[in-house]
Amino acid sequence: MKNKILDFSTLDQSLLKKLDAYIDALEGDRQEQLIHVLHHAQKLFTYLPHNLQLYIAHALDLSGAHVNGVVTFYSFFNEEPVGKYTVSVCMGTACFVKGADKVLDRILKLTNTKKNVMSEDGLFTVKDVRCIGACGLAPVVTVNEKVYGNLKVKDVDAIIESCRGDEHVD
Amino acid sequence: MLIKDLKSLEKWKKSLPKKSDFRISVLVCAGTSCISSEADLIIAMLEGYIKEHNIAAEVNLVKTGCFGFCGQGPIIKIEPDDITYVKVKVDDVEEIFNEHLLNNNTVKRLLYKEPFESEATEDASGMQFYKKQLRVALRNCGEINPEIIGDYIVNDGYLALAKCLDEKTPAEVVEIVKNSGLRGRGGGGFSTGLKWQYTAAVKDDEKYIICNADEGDPGAFMDRSICEGDPHSIIESMAIAGYAIGAENGLIYIRAEYGLATERLRIAINQAREHGLLGKNLFGSDFSFDIEIKLGAGAFVCGEETALIRSMEGYRGEPDKKPPFPSESGYRGKPSSVNNVETFANIPAIILNGSEWFASLGTEKSNGTKVFALAGHVRNIGLVEVPMGTTLREIVYDIGGGHPEGKEIKAIQIGGPSGGVIVKEYFDTPVDYESLLEIGAMMGSGGLIVMDEDTDMVEVAKFYLDFTQDESCGKCTPCRIGTKRMYEILERLTNMEGEPKDLEKLEVLGNNIKHASLCGLGQTAPNPVLSTMHFFKEEYEAYAYRTKRTAYLIEPKKCIGCTKCARVCPVNCIEGKVREIHKIIESDCIACGACFTACPTNAILKP
Ligand SMILES: Cc1cc2nc3c(=O)[nH]c(=O)nc-3n(C[C@H](O)[C@H](O)[C@H](O)COP(=O)(O)O)c2cc1C
Ligand code: FES
């Protein structure tokens, strides 16, 4: 088990190079910038598997436990792979009082997933997120970068279908 | 242009184009909310038309921060005509351009119509939404292009900093802020001047000014709008604060989710550096100051100042015991002053207009204004800034326009997950720190959520507790385990598996958590439950005694079998043939209310 985690060869080597370059260019106290490094790594790799966390720990001369402690503390970081479409349902208060919980339930049902777990077909990861600042459009759902506002439960079907549809076209 | 002293700043200001140099200015909001409804496309189209007609010299297109009127976005404001167009669509742009920009004719159909009035409002400043507002912290939001430093300079930008460095000692700056009566807008309400005084008093060569832009309240967007709409005011204030307390380093801690705000702050910092407004020897003085941005990563507790400091140091954001306060031992163990975004946004105005001016606004002990993010079941969702002492009723009914469908408003939640509800008997309470405390509520950071008669208060309390138990950092037991147990009890209740004893347990547990937790998160987490239990006991009892109906119900006598309800039901839980009585399968009903709205004969009963 330990060896598997220490095996960096399963990581995309060209992305690792980019990460190295980012870390090398850091100024000042590097250990202090762990959170920025993790942000960057997640941007490159889309999620932070354990061997990547260890890799970062080595690079910054930190313990693996420290890095994992930070990764698991902050909700922004994913330890699990994410689907092609990240469907984020705003669960901010404004959206909640306008029925976002029902929208979320519907989406989970349609994608046949649990929160934060990628769907089996690799298409969807459904998350609940805090206010994304579009309260004027509550309830709000984002699919990757695209924002859908003023949603009714029944509008959800079309959104999920259109993602699936795009898939067939590709 | 490199700014070396007050004179060169004034010279630069004179050389910059002003709105009055143009025949007409078109201001388009490019805040997060408006951009999500294609404001960026609208701006690009206007740009294209202006170029095509070669009228860039007379038409001034400004991509601004948030106007506050988010529920009606995207919004276009036209000056000096004082016209605001609302809910502008991409298809409307050509007409606005041809009619208004070329021929000076107002496009009447895009004006805002006040509720219950047939005529649209022509002048924007006459709109109910703006009439009772007073913009101090938001003075530049929606007025200038946040990505152009010149726009800020024209509105007296960096003049306050220049004056402090030129004419005032650090102690005098602290004195002005103290006398203004400004209190922290991040929730605590502590005197900003005093905080600066304490930090200034600690002797150390290395000190820090920290801007708290974590904005954890999950229904609030005041700080974000300021960072997006007027980033230079934050930078200028931080430099002023640095001068006042003797710090050469500034740090902005901002949520990772706030991409646009972070980007705008980055641009502004770079521009300030280019012009010598950040860096070495500002305005020819021996004061140097620079700012770095630190990203958060989605943890509510990191808004708490000691946790925020831990997070900036690259650790899990767990709070520390106070004292020592950050003013003695903060970032890297050095004296630090943590101030909120909105607090900072007030500073330049205070320096330029004087502490007496600021102290004259608001009430006796709560000076100045407060920005609120108004949301929920209210017509005008958006950002409002009012003098302290304005009543909740004025905010929700006059500015907010009341309920969009005229339903009764049952309660207002203030202070986010740390706050409580205010019921309609108290809607005439003036909004200031003391009056809110008197009725058992708190100011918080500025989230105001309006809830109508259909809102289930137990569900609302459960929502907030789900948030806090999820965000509890886990360091102290009362908060980590206590909030979880409270949440479980609420879940039991709403699943109709609870019992009357649970209510007592909730109350005891809630009070214990309040008194035994380490930081503000745990100390306030039970508030939403305790406060809704106090005011809406009967709703809790309906769950505890299992008398609450959770599904919608069709009254057989009134049902005409039109099938409308069955057709709109998103989960297909309504059975019945045409012209026969329909029935809702209770166990499948998600209580979305779609059938209720669709029914032509009012045959459907709410739970
Ligand atoms: C759980 C918790 C969350 C907080 N979140 C924020 C926040 O998001 N933004 C903020 O400015 N202050 C927040 N605070 C208050 C800060 O600890 C601190 O008092 C504030 O940043 C000081 O700035 P001010 O004096 O200008 O208000 C929070 C406090 C607690 C206990
Ligand atoms: S609460 Fe959903 S966008 Fe603000």
Side-chain angles (χ1 to χ4, degrees), chain A residues 27-39 42 60 62 66-67 69-77 88 90-103 105-106 109 128-138 140 142 145-150 152-157, chain B residues 31-37 69-73 215-221 224-225 256-258 294-300 302 311-318 332 373 375-377 381-382 413 416 447 449-451 455 459-460 463-464 467 470-471 473 568 570-571 590-594:
Chain A
E27 286 170 21
D29 184 341
R30 285 182 175 191
Q31 299 185 341
E32 208 184 83
Q33 300 187 51
L34 171 61
I35 293 175
H36 281 216
V37 174
L38 292 172
H39 271 299
Q42 182 160 297
L60 298 179
L62 291 164
H66 179 128
V67 174
V70 169
V71 169
T72 50
F73 185 85
Y74 295 98
S75 61
F76 202 81
F77 299 130
S88 306
C90 178
M91 274 290 187
T93 320
C95 288
F96 174 77
V97 298
K98 292 223 170 151
D101 48 339
K102 283 159 192 143
V103 172
D105 287 347
R106 184 71 188 156
K109 193 159 175 200
D128 54 347
V129 295
R130 313 293 182 212
C131 180
I132 61 164
C135 308
L137 306 172
V140 180
T142 65
E145 302 287 288
K146 186 155 174 46
V147 181
Y148 296 89
N150 291 317
K152 305 236 165 15
V153 175
K154 65 174 188 315
D155 301 336
V156 169
D157 299 40
Chain B
T32 303
S33 192
C34 283
I35 284 190
S36 1
S37 22
F69 210 29
C70 311
Q72 296 287 331
E215 194 152 59
D217 179 349
F221 49 101
R224 197 250 312 274
S225 295
E257 292 88 336
Y258 281 8
K294 292 265 183 185
L295 287 186
F300 172 62
C302 287
S311 177
M312 290 202 309
E313 291 167 346
Y315 294 96
R316 293 162 68 93
E318 290 170 349
R332 295 179 172 167
H377 301 131
I381 292 172
Q413 156 80 23
I449 308 285
V450 179
M451 294 180 281
T455 314
E459 287 286 353
V460 169
F463 164 78
Y464 279 114
F467 178 83
D470 187 38
E471 292 292 345
C473 75
V568 296
V571 292
I590 58 167
C592 68

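Just so it is clear: chains get the letters A, B, ... in the order the sequence lines come, proteins before strands, and each one is counted from 1. Just so it is clear, the model here is predicted, and its values are computed rather than measured.
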Exercise. Of all the heavy-atom pairs spanning A/F73 and B/A299, show the shortest one and how long it is.
Key: CE2-CB, 3.8 Å
Self-check item: Minimum heavy-atom distance between B/P218 and A/C131, given as atom pair plus value
Solution: O-CB, 3.1 Å
Quiz prompt | Least distance between heavy atoms, B/S33 atom then A/L137 atom | solution = O-CD1, 4.0 Å
Exercise. For each of B/I35, B/L295, B/V460, B/D217, tally heavy-atom pairs with chain A at distances under 4.5 Å, and name the one with the top tally.
Key: B/L295
Quiz prompt | Which atoms of B/C302 approach chain A - backbone, side chain, both or neither, heavy atom under 4.5 Å | solution = side chain
Quiz item: Between B/M312, B/M451, B/K294, which shows the greatest number of heavy-atom pairs under 4.5 Å with chain A?
Solution: B/K294
Quiz item: Out of A/K152, A/K102, A/K154, which one racks up the most heavy-atom pairs below 4.5 Å with chain B?
Solution: A/K102
Quiz item: Would you say the side-chain atoms of A/H39 pair up with the backbone N or O of B/G296, donor to acceptor, closer than 3.5 Å?
Solution: yes
Self-check item: Residue selection (most heavy-atom pairs with chain A, distance under 4.5 Å) from B/G376, B/G31, B/C34
Solution: B/G376
Quiz item: Is it the backbone or the side chain of B/Y464 that comes under 4.5 Å from a heavy atom of chain A, or both, or neither?
Solution: side chain
Practice problem: For the residue pair B/F463 and A/F96, categorise the inter-ring angle as parallel (less than 30°), tilted (30 to 60°) or perpendicular (more than 60°). | Solution: parallel
Self-check item: Which atoms of B/S311 approach chain A - backbone, side chain, both or neither, heavy atom under 4.5 Å
Solution: both
Quiz item: Can you tell which of A/D157, A/L34, A/V70, A/T72 has the highest number of heavy-atom pairs within less than 4.5 Å of chain B?
Solution: A/V70
Self-check item: Heavy-atom proximity to chain A below 4.5 Å, by part of B/R224
Solution: side chain
Quiz prompt | Least distance between heavy atoms, B/T32 atom then A/I132 atom | solution = CG2-O, 3.7 Å
Quiz item: Quick one: of B/C473, B/S225, B/C592, B/A256, who has the most non-hydrogen atom pairs under 4.5 Å with chain A?
Solution: B/A256
Quiz prompt | B/H377 vs A/K98 side-chain heavy atoms within contact, under 4.5 Å | solution = yes
Quiz item: Taking every heavy-atom pair that is under 4.5 Å apart, which of B/G317, B/G593, B/A591, B/A373 has the most such pairs with chain A?
Solution: B/G317
Exercise. Considering non-hydrogen atoms only, spot the tightest contact between A/C135 and B/G219 and give its length.
Key: SG-O, 4.4 Å
Quiz item: Are side-chain heavy atoms of A/V97 and B/I449 found at a separation under 4.5 Å?
Solution: yes
Quiz prompt | Among B/E471, B/E215, B/E257, the one residue meeting side chain to side chain donor-acceptor pair (under 3.5 Å) with A/R130 | solution = B/E471
Quiz item: Atom CZ of B/R316 and atom CD1 of A/I35: how far apart are they, to the nearest 0.5 Å?
Solution: 11.0 Å
Self-check item: Most contacts with chain B, counted as non-hydrogen pairs under 4.5 angstrom, among A/R106, A/Q31, A/Q33
Solution: A/R106
Practice problem: Not counting sequence neighbours, which residues clear ring-ring contact (aromatic ring centres under 6.0 Å, His included) with A/Y74? List them please. | Solution: none
